[in-house]
Amino acid sequence: MLITGFFGVLALVSWALFIFAAFAFVDAAFRREDAYRAADKNTKPFWLIILGIAAVVMKLFSVMSFLPVIGLVAVIVYMVDVRPAVRAVSGSRRGGPRSLRRRRGSSSDGPYGPYNG
């Protein structure tokens, strides 16, 4: 009973990692090619190949083997380093909280109040 539960948890972790890698792949596919060059990151085809291989490896191999760990590292690098840089260069299509907030005050106001220097 305990071993069956353990393998059930491993199956859920495997699916979660696959979905994470698939999300990163789809996100990389929808980003513009020139944004990768402008952000000084590797090219879009490079990241699509790396993330695609990572997703396939996470689906085919057990979480306990070594290859999914390498794929997970690649996905984390994309999500933590490449994705924010590419988004900053290309601009976000959706408006966040900053776009909803209007600035009030004079042009001499700093981030913490008026500048009196």
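Residues: numbered from 1 along the sequence shown.
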Same apolar cluster (I L V M F W Y, side chains within < 4.5 Å links), Val82/Phe23: yes

Cluster link Val57 to Met79, ILVMFWY, side chain under 4.5 Å: no

field: Approximate separation, where rounding is to 0.5 Å, of Leu12 CG and Leu17 CG
entry: 11.0 Å

- request: Would you check if Phe20 and Met58 make a side-chain contact, meaning some heavy-atom pair closer than 4.5 Å?
  value: no

task: Could you list all the salt bridge (Lys or Arg N to Asp or Glu O under 4.0 Å) pairs where at least one residue sits in residues 8-30, not counting sequence neighbours?
output: Asp27-Arg31, Asp27-Arg83

task: Could you pull out all residues at least two apart from Phe25 that satisfy ring pair (Phe, Tyr, Trp, His ring centres under 6.0 Å)?
output: none

query: What distance do Lys44 atom NZ and Ile49 atom CD1 have between them, rounded to the nearest 0.5 Å?
result: 12.5 Å

message: Do Val80 and Ile50 land in one hydrophobic cluster if side-chain heavy atoms of ILVMFWY residues count as linked below 4.5 Å?
response: yes

- prompt: Are the side chain of Ser65 and the backbone of Phe61 linked by a donor-acceptor contact shorter than 3.5 Å?
  reply: no

message: So which atom in Ala74 and which in Leu51 form the shortest heavy-atom distance, rounded to 0.1 Å?
response: O-CD2, 4.3 Å

Identify each donor-acceptor pair in which a side-chain atom of residues 35-42 lies under 3.5 Å from a protein atom, sequence neighbours left out, and give them as a table.
unit_1 : atom_1 : unit_2 : atom_2 : d
Tyr36  : OH     : Ala28  : O      : 3.1
Lys41  : NZ     : Asp81  : OD1    : 3.1
Lys41  : NZ     : Asp81  : OD2    : 3.1

message: Counting C-beta onward and ignoring hydrogens, is there a side-chain heavy-atom pair between Lys59 and Ser14 closer than 4.5 Å?
response: no

query: Taking all non-hydrogen atoms of both residues, which atom of Ala22 and which atom of Ala55 are closest, and how far apart?
result: N-CB, 4.4 Å

- prompt: For the hydrophobic clusters of this structure (ILVMFWY residues joined by side-chain heavy atoms under 4.5 Å, transitively), does one cluster hold both Trp15 and Val75?
  reply: no

message: Quick check on the hydrophobic clustering: are Ile76 and Ile70 connected, directly or via other members, by side-chain heavy-atom contacts under 4.5 Å?
response: no

